[in-house]
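Here's the structure we're looking at; comments come further down.
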Amino acid sequence: MISESVAAFPIEKIGKDFPILQQEVYGKPLVYFDNAASTQKPQVVIDAISDYYQQINSNVHRGVHHLSQKATDAFEASRETIRKHINARESHEVLFTKGTTDSINLVANSLSQGMIKAGDEIIVSHLEHHSNIVPWQMLCERTGAKLRVIPINERGELIQEDFEKLLNAKTKLVAVNHISNALGVINPIKEMIAKAHASDAWVLIDGAQSIPHMKVDVQDLDADFYAFSGHKIFGPTGIGVLYGKEALLEQMPPYQGGGEMIAEVTFEKTTYATLPHKFEAGTPHIEGGIVLGTAIDYVNSIGLEAIAAYEQELLHYGTELLKDRFPDLRILGDTEHKTSVISFLLGDIHPYDIGVILDKLGVAVRTGHHCTQPIMQHFGISGTIRASFAFYNTKAEIDQMAEALEKAHNMLA
Ligand code: PMP
């Protein structure tokens, strides 16, 4: 039975907010199911980009002139919007970065300058995107610290008993994602953060996949760091956020040097700016920062609770439909706690071949390893077909995908 909130979800109106989704590809209505890779932008976001360049384009934090003041005010107002959205205590705990990858590299590079040392241990999970693995491997190479890995079970869930066994006095940091991009599995991060803190370890959460789908409260989670990307939450590419607890960010040395991040420069000694500027060297992605606030306002105008309920309905509908229709379909990450991602294989057909045929029938899905090769190694496969839904998708589009899959199946099986 469909809940009242799902029945009342304004899907007709929302669909019209996204001009890119109105097009046809190869003569078929476009069905965009690659939202875990990047999301589409509503008209308000597109307009805000052009408004910025038409009305206030100027460098921030520098000029006394009118435009620079306006740009600075808008940039800082957006930081405050983001602070509220994730319930950070202070807006200077919200750092603008290029995206999740950049946020994680910032933390890894800064901590490697003396705060993590040879013999220390970093825990990641088997479920991570490469961007939450490789920066830590690089840190380990630089510092002599050791990387430990939380294993996963056959449903793609982190094995909590093994996580507890990995934690010890040498553990300095735990880096895990909130939601797996490859499988959609939601990790019990609040409990994991508490366990890590009991071992005096810091925790970085990769929130790239959670931020568009659920309400995140960094204080309630007690996360030390929380990273996400603007382009996954209906905002521009090239902008993202690193939330960090003030006390920790104060302790950490800057990652990059340059303009904006200094208090005073002499050839003898340079002193650094206060937060957040200490970690924002150079001219930032001003328009991206401002418009990320617009994107978040747009999401909040619909409401993340309503979005989550609607997306869960799509997930259940799609999962049941595909399971019924294709007896040889195998879903990877088939667990109760997951977001709107269906990652699957059809018989022994190569995912790429399915992806190409689906594309010709108007359906955009992702195929391959999804930047998570260790997960694929765990399941002994080269990749999956991944359909990831956003709140602008519909059941009719899932029907179109099922039809297209049927054709692909008949051609290739
Ligand atoms: N982590 C996860 C879980 C992701 O899904 C992604 C993007 N696919 C990233 C990190 C990297 O994000 P970005 O490329 O925006 O830096």
#### Entry: Minimum side-chain heavy-atom gap Met192-Gln160 below 4.5 Å
yes
### Summary
Sorted by chain and number, sequence neighbours left out, ring pair (Phe, Tyr, Trp, His ring centres under 6.0 Å) with His126 holds for His378
### Task
Measure the acute angle between the ring planes of Phe18 and Phe234, then classify it against the limits of 30° and 60° as parallel, tilted or perpendicular.
perpendicular
### Query
With a 4.5 Å limit on heavy-atom distance, are the side chains of Ile82 and Ile296 in contact?
yes
### Task
Go through the side-chain N and O atoms of Ser199 and Thr171 and say whether any donor and acceptor fall under 3.5 Å apart.
no
### Message
Using side-chain heavy atoms (C-beta onward) and a distance below 4.5 Å, is Pro276 in contact with Leu95?
### Response
yes
### Message
Do Asn300 and His85 pair up side chain to side chain, a donor and an acceptor below 3.5 Å, judged on atom types alone?
### Response
yes
### Query
Roughly how far apart are Ile349 CD1 and Leu405 CG, rounded to 0.5 Å?
9.0 Å
#### Entry: His370 side chain near Ser343 side chain, heavy-atom distance below 4.5 Å
yes
#### Entry: salt bridge (charged side-chain N to carboxylate O under 4.0 Å, His left out) assessment of Arg155 paired with Asp334
CA-CA 6 Å; Arg155 288 184 302 279; Asp334 201 6; over 6 Å; no
### Task
Any chance you could lay out the side-chain hydrogen bond (donor to acceptor under 3.5 Å, both in side chains) test for Ser210 and Tyr226, step after step, and finish with the verdict?
CA-CA 11 Å; Ser210 43; Tyr226 201 98; 2.6 Å; yes
#### Entry: Approximate separation, where rounding is to 0.5 Å, of Thr367 OG1 and Ile354 CD1
9.5 Å
### Task
Would you indicate whether Glu305, at its atom CD, is surrounded by more than 12 heavy atoms from other residues, nucleotides or ligands within a distance under 6.0 Å?
no
### Task
Run the numbers on Lys172 and Asp200 for salt bridge (charged side-chain N to carboxylate O under 4.0 Å, His left out), then give the verdict.
CA-CA 7 Å; Lys172 266 287 180 191; Asp200 280 335; over 6 Å; no
## Note on the structure
Closest non-hydrogen contact found for Pro212 with Leu304 is O-CD2, 3.7 Å
### Message
Tell me whether the count of non-hydrogen atoms from other residues, nucleotides or ligands lying under 6.0 Å of CD in Glu24 goes above 12.
### Response
yes
### Query
What is the minimum heavy-atom distance between Glu250 and Lys278, and which atoms define it?
O-NZ, 3.1 Å
### Query
Do you see a donor-acceptor pair shorter than 3.5 Å between the side chains of Gln22 and Lys16?
no
#### Entry: Main-chain N/O of Leu183 paired to Ser180 side chain as donor or acceptor, under 3.5 Å
yes
### Closest non-hydrogen atom pair, Ser78 against Ile290
OG-O, 3.7 Å
### Query
Quick check, are the ring centers of Phe9 and Tyr310 under 6.0 angstrom apart?
yes
### Message
I'd like to check the salt bridge (Lys or Arg N to Asp or Glu O under 4.0 Å) partners of Arg79; sequence neighbours left out, ordered by chain and number.
### Response
Glu76, Glu280
### Query
Asn35 and Ser388: side-chain donor and acceptor closer than 3.5 Å?
no
### Task
Determine whether more than 12 heavy atoms belonging to other residues, nucleotides or ligands lie under 6.0 Å from atom NE2 of His337.
no
### Task
Decide, yes or no, whether a salt bridge links Asp222 with Lys190 under the criterion of side-chain N to carboxylate O below 4.0 Å.
no
### Summary
Separation between NE2 (His61) and CD1 (Ile286), nearest 0.5 Å, reads 8.5 Å
### Task
State, with a plain yes or no, whether a side-chain heavy atom of Ile123 is found less than 4.5 Å away from one of Leu167.
yes
### Query
Please walk me through it: do Tyr53 and Glu287 pass side-chain hydrogen bond (donor to acceptor under 3.5 Å, both in side chains)?
CA-CA 8 Å; Tyr53 286 109; Glu287 147 258 317; 2.8 Å; yes
### Message
With heavy-atom distances below 4.5 Å as the criterion, would you say the side chains of Glu128 and Val176 are in contact?
### Response
yes
### Query
Side chains of Tyr272 and His277: donor-acceptor distance under 3.5 Å anywhere?
no
### Message
Under 6.0 Å between ring centres: does that hold for Phe96 and Phe75?
### Response
yes
### Message
Is there a side-chain contact between Asn187 and Leu127 in this structure, where contact means two heavy atoms from C-beta onward sitting under 4.5 Å apart?
### Response
yes
### Task
Before accepting this row, confirm whether a basic side-chain N of the pair Glu121/Lys146 lies closer than 4.0 Å to the acidic partner's carboxylate O.
no
### Message
Side chains of Tyr26 and Asp359 only: does a donor on one sit below 3.5 Å from an acceptor on the other?
### Response
yes
### Query
So, for Ala88 and Val94, which heavy atoms are closest and what is the spacing to 0.1 Å?
CB-CG2, 4.4 Å
### Residue pair Lys165, Asp162: steps toward the salt bridge (charged side-chain N to carboxylate O under 4.0 Å, His left out) verdict
CA-CA 5 Å; Lys165 283 186 210 141; Asp162 289 350; 3.6 Å; yes
### Query
Is a side-chain donor-acceptor pair under 3.5 Å present for His129 with Ser131?
yes
### Task
Check ring pair (Phe, Tyr, Trp, His ring centres under 6.0 Å) between His130 and all other residues, then give those that pass, not counting sequence neighbours.
His369
### Query
For Lys84, does the NZ atom sit with more than 12 other heavy atoms under 6.0 Å from it, leaving out its own atoms?
no
### Task
To the nearest 0.5 angstrom, please state how far the NE2 atom of His285 sits from the CG atom of Asp102.
12.0 Å
### Query
Is the distance between the ring centroids of Phe389 and Phe33 under 6.0 Å?
yes
### Query
Under 6.0 Å from the CD1 atom of Ile20, do we count more than 12 heavy atoms belonging to anything else shown?
no
### Message
For the NZ atom on Lys98, are there more than 12 heavy atoms of other groups (residues, nucleotides or ligands in this structure) within a distance under 6.0 Å?
### Response
no
#### Entry: Heavy-atom donor-acceptor pair, Ser229 side chain to Gly99 backbone, under 3.5 Å
no
### Query
Does Thr143 reach the side chain of Asp120, with side-chain heavy atoms less than 4.5 Å apart?
no
### Task
Could you verify whether a donor N or O on one side chain and an acceptor N or O on the other, from His231 and Ser38, lie under 3.5 Å apart?
yes
### Query
Going by an N to O cut-off under 4.0 Å, is there a salt bridge joining Asp224 and Lys245?
yes
### Query
Measuring from Leu292:CG to Ile239:CD1, what's the distance to the nearest 0.5 Å?
6.5 Å
### Summary
Minimal heavy-atom distance between Ile331 and Leu329, with the atoms involved, is CG1-CD2, 3.6 Å
### Query
For the side chain of Thr72 and the backbone of Ser68, is there at least one donor-acceptor N/O pair under 3.5 Å apart?
yes
### Query
Of all heavy-atom pairs between Ile56 and Ala74, which one has the smallest distance, and what is that distance?
CD1-CB, 4.0 Å
### Task
Give a yes or no on whether a salt bridge exists between Asp17 and Lys13, defined as a side-chain N under 4.0 angstrom from a carboxylate O.
yes
### Message
Does either side chain, that of Asn87 or that of Asp217, offer a donor lying less than 3.5 Å from an acceptor on the other one?
### Response
yes
#### Entry: Distance (rounded to the nearest 0.5 Å) between Thr266 OG1 and Lys269 NZ
8.5 Å
### Message
Run the salt bridge (charged side-chain N to carboxylate O under 4.0 Å, His left out) test on Arg89 and Glu246 for me, step by step, so that the C-alpha distance in whole Å, both residues' side-chain angles and the decisive distance to 0.1 Å come before the verdict.
### Response
CA-CA 9 Å; Arg89 207 162 48 86; Glu246 179 184 59; 3.7 Å; yes
